[in-house]
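Note: hydrogens, waters and symmetry copies are ignored here, and every other heavy atom, side chains too, is used. Numbering of ligands and ligand atoms starts at 1, following listing order. Computed from a predicted model, the values in this text were never measured in an experiment.
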Amino acid sequence: MNYVYGPVPSRRLGQSLGVDPIPFKICNYNCVYCQLGRTTPLTNERRDFFPREGILAQVRDALERHQPGQIDYVTFIGQGEPTLCASLGWLIRQVKALTDVPVAVLTNGALLFQPQVREELAAADLVMPTLDAANHETFRQINRPWPRFRIAEIIEGMAAFRRMFKGQLWVEVMLVKGLNDDEATLLGIRDALAHVCPDRVQINVPIRPPVEPWVEIPDDEAIERATAILGEAAEVVAPYEGSFDFSGFADVAEAILAIIRRHPMRQRRLVETLEGWAPGEVEETLARLESSGQAQKRVYRSELFWEYAGRVFGEGRVHCES
Ligand code: SF4
């Protein structure tokens, strides 16, 4: 079982060594823009899904295989929500003891209302929660969360974390056309952000195929409106085209699956990234993975993407449970 991958280029973190402490699509949200497919079913139980010593051993190996400067962050990210790993705090502290490379956690931030989760994440250098809405109805429409979650409580949890956390707090706002890009919704998010007081606010848009086919990127005017309303600290995250490191992979199929399990990828970019393999090998392997049911293609915004075939994609609107 591979718990560690990369380093891979991250739009926000440079070269990021990814650590997956949870299985595929274990999450307490079911976001309409998720690149990993629908969450079936929602999970909100914190537990150890894998032996934590095994995860740590792979991080140690990866750090030993790379020179200083080749990794910008060790990033707990997961193929779902990493705070659902009960040993996340232990893992962060152990990795901090191994290396000076900063540790980041990418999270939906929902469990920050729990003091235990705040304590655990406080050991990291950078925490990156998501806040797509400040009112409960929009929160339900976009994030389709665990039914008992309340956005007001989650915002309070982020603010409480900010007060105790000495590291960097970067909040991501994912904009979805027609759901959270209008002025009133953005003003609500601005007020919530002013309460949380993050170091940085990053505006993002669904650039990869979203789980729900009706999800659209807001138009330029809406992105400009969001940038203006969310304040001078807001920045639009640009696609980052860095280099992938696949030295740990024995064959091209394994490398392709390692990428597309984490997010869909453009065919053109896959071929460029894996150019070290024999000419035509990537295309042949993709065809083989498709016929064996491990990968599937999807056209999104006129570009051909490859994605992991284990995903459940929507055909119509899903209604929230609460
Ligand atoms: S985008 Fe993140 S938080 Fe939302 S459903 Fe997907 S994995 Fe969960």
Member of T43, T39, N108, N143 meeting the side-chain hydrogen bond (donor to acceptor under 3.5 Å, both in side chains) criterion with N28: N108
Nearby protein N/O/S atoms (those under 2.8 Å) for atom 6 (Fe) of ligand 1, with water ignored: C34 SG
Parallel, tilted or perpendicular, as decided by the 30° and 60° cut-offs, for the rings of F139 and Y29: perpendicular
Aromatic plane relationship, W146 with F149 - under 30° parallel, 30 to 60° tilted, over 60° perpendicular: tilted
Note: E172-R200 ion pair, threshold 4.0 Å (strictly below): no
Pairing of E290 and K297 as salt bridge, 4.0 angstrom limit: yes
Atom 3 (S) of ligand 1 protein-contacted (non-hydrogen atom, under 4.0 angstrom): yes
Side chain to side chain contact (heavy atoms under 4.5 Å, CB included) against R93, all qualifying residues, sequence neighbours excluded: W90, A123
